A.B. asks: 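A single structure is presented below for examination.
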Amino acid sequence: LHLSIRRQRQMCIRDSYEFIQIFLQSFFGKFFIVFLSWSFSFHILNEIRHLAWDMGYGFDLKISQITGIITIFGSFIFAILIYLFGRNII
């Protein structure tokens with residue numbers, strides 16, 4: 001009985017791994033990876049922006065708008081770099 005439970009668990013793990021591998025190689029899986037990378041990048045850059053605000057810098061309207069644009073574009077650039085790094089292109 002113990003051997004069959006172990007065997008079933010191994011089969012479930014193997015099936016789950018294959019399912020995840022197939023999903024991540026599909027278009028939606030790649031979209032999910034890029035979107036997750038973008039959200040992490042945006043969050044990190046926005047936290048750096050907020051740290052500057054906590055230190056008292058960047059409260060002017062013009063500087064706030066510039067740092068917001070830098071945060072958005074920088075997050076896209078970082079997401080692309082993370083994806084390319086993960087694909088061993090960089």
Side-chain angles (χ1 to χ4, degrees):
L1 180 68
H2 182 273
L3 184 60
S4 69
I5 292 174
R6 181 185 293 181
R7 187 78 158 139
Q8 288 175 354
R9 190 177 313 147
Q10 287 175 346
M11 293 294 287
C12 287
I13 291 171
R14 189 177 308 134
D15 291 341
S16 298
Y17 176 77
E18 290 173 3
F19 174 76
I20 294 296
Q21 188 177 18
I22 290 169
F23 173 72
L24 291 178
Q25 290 175 352
S26 70
F27 172 77
F28 294 111
K30 290 178 184 178
F31 177 78
F32 177 75
I33 291 170
V34 171
F35 179 75
L36 194 63
S37 299
W38 176 79
S39 65
F40 286 147
S41 300
F42 181 78
H43 186 74
I44 289 169
L45 290 176
N46 212 25
E47 285 298 320
I48 293 171
R49 182 179 177 213
H50 280 262
L51 283 173
W53 286 353
D54 289 341
M55 291 185 288
Y57 301 110
F59 283 117
D60 296 334
L61 182 60
K62 187 173 183 176
I63 293 175
S64 177
Q65 290 174 345
I66 290 171
T67 57
I69 291 170
I70 290 172
T71 300
I72 292 171
F73 285 117
S75 64
F76 282 114
I77 291 169
F78 281 152
I80 291 169
L81 289 175
I82 289 169
Y83 180 75
L84 293 176
F85 184 74
R87 299 278 297 169
N88 291 329
I89 295 174
I90 295 178

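Predicted model only: the values in this text are computed from it and were never measured.
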A.B. asks: To the nearest 0.5 Å, tell me how far Asn46 CG sits from Ile70 CD1.
C.D. replies: 12.5 Å

A.B. asks: Mind checking whether Leu45 and Tyr57 sit in one hydrophobic cluster, side chains of I, L, V, M, F, W, Y counted as touching below 4.5 Å?
C.D. replies: no

A.B. asks: Considering only heavy atoms from C-beta outward, does the side chain of Ile22 approach that of Phe19 to under 4.5 Å?
C.D. replies: no

A.B. asks: Using the rule that two of Ile, Leu, Val, Met, Phe, Trp, Tyr join whenever any of their side-chain heavy atoms come within less than 4.5 Å, decide whether Leu84 and Phe35 are in one cluster.
C.D. replies: no

A.B. asks: Return the minimal non-hydrogen interatomic distance between Ile33 and Leu24, and the atom names on each side.
C.D. replies: CD1-CD2, 3.8 Å

A.B. asks: Can you measure from CD1 (Ile89) to CD1 (Ile80) and round to the nearest 0.5 angstrom?
C.D. replies: 11.5 Å

A.B. asks: Would you find more than 12 non-hydrogen atoms of other residues, nucleotides or ligands less than 6.0 Å from His43 atom NE2?
C.D. replies: no

A.B. asks: Would the number of heavy atoms belonging to other residues, nucleotides or ligands and lying under 6.0 Å from CZ of Phe32 be above 12?
C.D. replies: no

A.B. asks: Drop me the distance from Phe76's CZ to Phe42's CZ, to the nearest 0.5 angstrom.
C.D. replies: 9.0 Å

A.B. asks: Tell me, yes or no, whether the heavy-atom count around Phe31 atom CZ, taken from other residues, nucleotides or ligands under 6.0 Å, exceeds 12.
C.D. replies: no

A.B. asks: Please assess Lys30 against Val34 for the test side chain to side chain contact (heavy atoms under 4.5 Å, CB included), listing each intermediate value before the final yes or no.
C.D. replies: CA-CA 6 Å; Lys30 290 178 184 178; Val34 171; 5.5 Å; no

A.B. asks: Kindly give the heavy-atom pair with the smallest separation between Ser41 and Ala79, and that separation in Å.
C.D. replies: OG-N, 3.7 Å

A.B. asks: Please evaluate residues Ile82 and Phe85 with respect to the criterion side chain to side chain contact (heavy atoms under 4.5 Å, CB included), reporting the C-alpha separation (whole Å), side-chain torsions for both, the decisive distance (0.1 Å), and the verdict.
C.D. replies: CA-CA 5 Å; Ile82 289 169; Phe85 184 74; 5.6 Å; no

A.B. asks: State, without any angle test, whether Thr67 and Arg49 hold a side-chain donor-acceptor pair at a distance under 3.5 Å.
C.D. replies: yes

A.B. asks: Looking at Trp53 and Phe59, what are the two nearest heavy atoms and their distance?
C.D. replies: O-CZ, 3.3 Å

